[in-house]
Participant: 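Got a structure here, written out as structure tokens. Questions coming.
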2 protein chains.
Amino acid sequence: MFSKLRRLLIGETLTTDQLSHEKFNVLWGLPILSSDAISSVAYAGEEILWVLIPVLGMMSYKYMFYAALCIVFLLFLLVFSYRQTIDNYPHGGGSYIVSKDNLGTIPSLTAAASLSIDYILTVAVSTSAGTAAITSAIPELLPYKVLITVLIIVLLSIGNLRGIKDSSRMFGVPTYLFILTVGIMIVTGILRYYFFGYRPSPIVPIEAKQTMGNITVLLFLRAFASGCTALTGVEAVSDGIPNFKAPAQKHAKIVLGLLAGTVLFIFGGLSYLSTLYHAAPDPNVTVLAQIGTQVFGSGFMFYALQFTTALILIMAANTAFADFPLLLSFIARDGYAPRQFSRRGKRLGFSNGIMLLCIASSLLAIIFSGSTHLLMPLYAVGVFISFTLSQSGMFTKWIKEKTPGWRHKAVINGMGALVTFCTVIVIGATKFLHGAWIVCILIPILVVIMLRIRRHYLRVAEQLKLTADLRPKEVIPNDDKQHVVILVDSLNKSFIKSLNYAKHLSSNIVAFHVATDSECAEKLQKKWEEYNVGIPLIVKHSPYRDVYEPLVKFIESEEHASKPGEIVTVVISQFVITKWWHNILHNQTSLFIKSMLYKRRNIVVVTVPYIIQE
Amino acid sequence: MFSKLRRLLIGETLTTDQLSHEKFNVLWGLPILSSDAISSVAYAGEEILWVLIPVLGMMSYKYMFYAALCIVFLLFLLVFSYRQTIDNYPHGGGSYIVSKDNLGTIPSLTAAASLSIDYILTVAVSTSAGTAAITSAIPELLPYKVLITVLIIVLLSIGNLRGIKDSSRMFGVPTYLFILTVGIMIVTGILRYYFFGYRPSPIVPIEAKQTMGNITVLLFLRAFASGCTALTGVEAVSDGIPNFKAPAQKHAKIVLGLLAGTVLFIFGGLSYLSTLYHAAPDPNVTVLAQIGTQVFGSGFMFYALQFTTALILIMAANTAFADFPLLLSFIARDGYAPRQFSRRGKRLGFSNGIMLLCIASSLLAIIFSGSTHLLMPLYAVGVFISFTLSQSGMFTKWIKEKTPGWRHKAVINGMGALVTFCTVIVIGATKFLHGAWIVCILIPILVVIMLRIRRHYLRVAEQLKLTADLRPKEVIPNDDKQHVVILVDSLNKSFIKSLNYAKHLSSNIVAFHVATDSECAEKLQKKWEEYNVGIPLIVKHSPYRDVYEPLVKFIESEEHASKPGEIVTVVISQFVITKWWHNILHNQTSLFIKSMLYKRRNIVVVTVPYIIQE
């Protein structure tokens, strides 16, 4: 019944060799791998304004522009250093792998932890931002904001459980549509302003809460930190190298370049527009939507803008659904995460990872009531920690290997590492109280957990390891010394079946009955003699109406012939019912006893099924 | 960990022989057995007014009084006929037992169903009424009405899981307190009216919605029907006979008489008072509280009244917690309800029944948002159906047995049956649309379910029954024809332990490995030869990464030597971990495979535990 439902939702099971990967060229590589990076522009500018407007009012736009510039500079630095990662990790260089190769366990786990947190946040943030785009177009939907967000997440999860290929070209289209519409907006926006003399009045009257003197460095840094979210998802390209057509690395680098160009254009353009059109952050209408309405009015183009924005943001979330389970499977394979995450599900996706992501991100969306702005402070920290780690990974690589031209390369990655590290500090410091602290606590905790998991697996392996001296026993399969205890509840066919089986095991069999109700016990004993079963029946009374204790006591007692350490076989007849709901009509004592007996080193449980037809 | 929590909540396990019953005399029997009946007076009057006031306004009180009279008459009729039940069922004559003895299966099941519904409603109604008493005293609590109700139910459940003796005297006190306070109120109320000339203005200005002409019979019947809730719980005495000191029956009868007297006094008195003080139903303030404020002002006595009312109502709910699980255990013993209900829990209470009652009544309270008035229409029907059944049961008994003086007795019970039956019709008809229909549908459904359950148990018993000709086989232990398949995941100590055990079973052993990942399989095969295990290893590739299917296919295939119908033993090594949370680190494949294998007639599963220390 459950399996039917599953099949309906996620489709028929697939065979392992159906696993394939469509490779793509620059034309499709760009939109598919960059949806995360490009889409983040949809909220980055707004985040800067959230910081500035309340303090500087109309003055904000100037400083916003400066912040944007710094971010763009950072972007290009990243591009250069990632080009080198691409060169050296043809099979994909996520920061987990890079730092594992060059920095060792703890750093790699730190990268793993921050990346994981980050993927979860990507989903939460992108879907809420997507919902925001929708609700800004259709305000009627505002009250259902959280619901919509969660719904999107669930749909994405189902889609990925079904196994949508993250490489399918279809996913490229929204990115291009977004770039197109935003491009048109930027151009028309500028034209309207300069040639048609459109002069916007601020949507909400804004006056500076403070005097000019107070534009402190700190404020600027906070603005910058908030804007850095625009850079999330840049590393996607270097992860995705294996998906490129040969020459993969060359294509990847081109894509990375184009990506940077696009982000520069859109992010720069939007920041400029919001300067011209005095967009001010508003919990109910996104800045993008505000600009949109002023540039396009509320006609078709406006809705097109909102729609494509929502779409690309959802695509961004979807990339996380493709990458997070993969990362988790790497970690699991290295033994730092539960093994289940390394196994492919019915439809070849890493189901467990997908479901974990679904639950975690939905929870976040619910807790933060689907507000992008509230989620932001948690977001960027993780990204930049992983940036820093992968960069310093590359740096140490050059220092160690000293391959030709290593100095120049080391400088680039060193720079990258340094700058991204500073950014981590800035973000962490400026946003600490707004939520960054959660991440700062979470990462070490996750690292410890991962180490513990690994330790557990090692111990288990240790205890299971075969030593050459340990040989299988030579047993003559006819020794009657084996102790068999057969549980009897009442004398019936099911019992006889078990008895017949037990007789194969040994001739040293005793039947054991736990009497929770003395009259039943007497009845059984009478029947036992009448029927003369031929094996001794031991009856123990259980004042606490508990079946397990007396059984174990009996087995361990002198009364029972087995010496300590000797294996005792307990035969249980399991009563099988064809209709699942009938199970509520039978108390599952035997199942319970079994689960308890398993815990005992020297008891082997034999289950003899007896099927009841309806 | 869970068990710790349980011990904390419900205490240590008790032995069966700790089961005892404190017997009580008239003095304590009265309050303990009558709390349900007496407490119901707290809302019965109000229910009548809910029907009349909207139509008749100030005229209502006259007709209320008539209605009350009829109800009191009905009460005495019941007393007389129940005296006879007491005479003939010294071990307690609930209507389930009476109708089982005299009317047969279907009627007894109908009684069982209606009683069960009734007990659940008693809890829901009494606790909501109790909450109402509290909230009328402390209006600040009104918004938390439902929460409080559910909380009370949960506390009662825990208390009963711990095993509060329903016979403990402590439970008698509230009843006496209630009788006392209400008595004082009635007396002072009348005095104030006649001697101190207190003249109340109606709390809410009421004018008749309709002209006098419309006081139809139907209206009156509806009022009467609503008032009948005052009679719920009368049968409690005849159920409780075994708890009386000898001469039990004599004592029971006296208590029954006193009970009737008390109800007459309180119910009559309150109806009269509401006439004097123009109490009018109000969803937020109970009629009792309205009268209370006018009689006592808002001083100590008022709060005492509200408090004792709440207390006795909670006691009433508690009696249901004592009786329902008991009834259920009778039904279960007769095979009409899941067996689990017939077994005593750790603390000797019938835990399952208690929990069922807790869940069901909480749900009701939540669905009807803790409103007594909304629950009422469902309530009385069940009570009177069971009255009718037990009465007609007694009636037929006389007709059949013709014991001395049977005519006179038959007349009494016949009357009882007839009148209660009419009441059922009246209640059912007048309240059908207000909710009675739910009960009318539910009862037959429950009856059918109970019959089905019984049928299932009979079938199972049938299939398990031993026939004299079926004798245990004569087997030479360890004949080598036995087929043993031992599952191997990887070659480790745990496997060797299972292998060693398997060798005891037979020398005809094959190891079976399902390859979900081909390189692992090759590794295993290499290791297998190196180590030369000495038994054949069969490897099957599972493209769908499913382990169960290939195994079964193999066993059924020609390849495997077993002939159809022959029993095959599958040996599985179960990996046991000491820390429960470590289980999330190991996918429970073996558990899953087992649960599937159990479903197959000819496969016996042998589980060899291997404990991993931490």
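Naming: A, B, ... by sequence-line order, numbering from 1 per chain. A quick note: this is a predicted structure, and the numbers were derived from the prediction, not measured.
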Participant: Taking everything shown except B:Glu519 itself, do over 12 heavy atoms lie less than 6.0 Å from its CD?
Facilitator: no
Participant: Using non-hydrogen atoms and a 4.5 Å limit, figure out which bit of A:Leu491 sits close to chain B: side chain, backbone, both or neither.
Facilitator: both
Participant: Let me know if B:Tyr457 has heavy atoms under 4.5 Å from chain A in its side chain, its backbone, both or neither.
Facilitator: side chain
Participant: Under a 4.5 Å cutoff for heavy-atom pairs, which residue among B:Val608, B:Val605, B:Asn532 has the most contacts with chain A?
Facilitator: B:Val605
Participant: Less than 4.5 Å to any heavy atom of chain A: does that hold for the side chain of B:Ile611, its backbone, both, or neither?
Facilitator: both
Participant: Does any non-hydrogen side-chain atom of B:Val604 lie less than 4.5 Å from one of A:Lys497?
Facilitator: no
Participant: Which region of B:Leu597, side chain (C-beta onward) or backbone (N, CA, C, O), has a non-hydrogen atom less than 4.5 Å from a non-hydrogen atom of chain A, or is it both or neither?
Facilitator: neither
Participant: Could you tell me which non-hydrogen atom of B:Leu464 sits nearest to which non-hydrogen atom of A:Ser494, and how far apart they are?
Facilitator: CD2-CB, 3.5 Å
Participant: For B:Ile496, which atoms come within 4.5 Å of any heavy atom of chain A: side chain, backbone, both, or neither?
Facilitator: side chain
Participant: Counting only heavy atoms not in A:Arg333, do more than 12 fall under 6.0 Å of its CZ?
Facilitator: yes
Participant: Is it the side chain or the backbone of B:Tyr610 that comes within 4.5 Å of chain A heavy atoms, both, or neither?
Facilitator: side chain
Participant: Looking at B:Asp489, I'd like to know if its CG atom is crowded, meaning that more than 12 non-hydrogen atoms belonging to other residues, nucleotides or ligands lie closer than 6.0 Å.
Facilitator: no
Participant: Where is the tightest heavy-atom contact between B:Gln463 and A:Lys493, given as atom of each residue plus distance?
Facilitator: O-CD, 3.2 Å
Participant: Within this structure, what is the OG1-NE2 distance for the pair B:Thr569 and A:His504, rounded to the nearest 0.5 Å?
Facilitator: 8.5 Å
